[in-house]
Amino acid sequence: MIPIWYYIFMPQKIRELIKKLEKAGFNNRGGKGSHRNFIHPKGIVITISGKMGSDAKKYQEKEVKLKIAESQK
């Protein structure tokens, strides 16, 4: 059984952020190295850096959340 604090304090993985973006309608335009560029049909752009299995930084989690909210307006 996984303790509740694990879900509160553990950062998401880069792959989880990418899944959220794709579910919200963002398309992966590719990128160089560990960078991936996503664009929404409304013209919203976001770049995610890091390996798929790496922990996401707090600023990346916040930016993904903001861009998804912006795309739903």
Side-chain angles (χ1 to χ4, degrees):
M1 186 170 174
I2 300 173
I4 190 73
W5 61 264
Y6 179 83
Y7 296 105
I8 297 171
F9 297 112
M10 295 303 294
Q12 297 179 44
K13 298 290 183 184
I14 296 294
R15 76 173 71 87
E16 294 169 350
L17 296 182
I18 290 172
K19 283 181 188 178
K20 286 182 179 182
L21 286 169
E22 289 174 343
K23 187 175 178 182
F26 285 81
N27 296 315
N28 188 350
R29 293 182 48 222
K32 270 189 151 180
S34 64
H35 290 73
R36 290 163 205 85
N37 300 306
F38 291 88
I39 188 165
H40 192 272
K42 291 184 177 180
I44 303 164
V45 179
I46 183 172
T47 300
I48 300 292
S49 63
K51 295 181 182 178
M52 294 294 265
S54 299
D55 290 340
K57 308 288 185 206
K58 284 290 181 189
Y59 75 89
Q60 290 174 316
E61 292 178 3
K62 288 179 185 177
E63 186 176 12
V64 166
K65 186 176 178 180
L66 288 173
K67 295 292 183 172
I68 290 173
E70 185 179 338
S71 71
Q72 294 174 349
K73 287 184 182 177

Legend entry - Note, Q60 side chain near K57 side chain (heavy atom, < 4.5 Å): yes
Extract all donor-acceptor atom pairs below 3.5 Å that involve side chains of residues 48-55 and protein atoms in other chains or at least two apart in sequence.
| residue | atom | partner | partner atom | Å |
| --- | --- | --- | --- | --- |
| D55 | OD1 | K13 | NZ | 2.7 |

Inset, instruction - Kindly give the heavy-atom pair with the smallest separation between P41 and G25, and that separation in Å. - result: CD-O, 3.4 Å
Legend entry - Side chain proximity check, V64 to I46, heavy atoms < 4.5 angstrom: yes
Inset, instruction - Would you name the heavy atoms of P11 and A56 that are closest together and state the gap between them? - result: CB-O, 3.5 Å
Legend entry - Listed once per pair and sorted, the side-chain hydrogen bond (donor to acceptor under 3.5 Å, both in side chains) pairs that draw on residues 14-25, sequence neighbours left out: Q12-K20
Inset, instruction - Hey, could you give me the NZ/CD distance between K65 and E63, rounded to the nearest 0.5 Å? - result: 14.0 Å
Legend entry - Which residues share a ring pair (Phe, Tyr, Trp, His ring centres under 6.0 Å) with F26, sequence neighbours left out: H40
Inset, instruction - Ignoring hydrogens and angles, tell me if any N or O in the side chain of N28 forms a donor-acceptor pair with the backbone of F38 under 3.5 Å. - result: no
Inset, instruction - With rounding to the nearest 0.5 Å, note down the distance linking CD1 in I44 to NZ in K73. - result: 9.0 Å
Legend entry - Positive for side-chain contact (heavy atoms from CB on, under 4.5 Å) with R36, one of L21, T47, L17, I18: I18
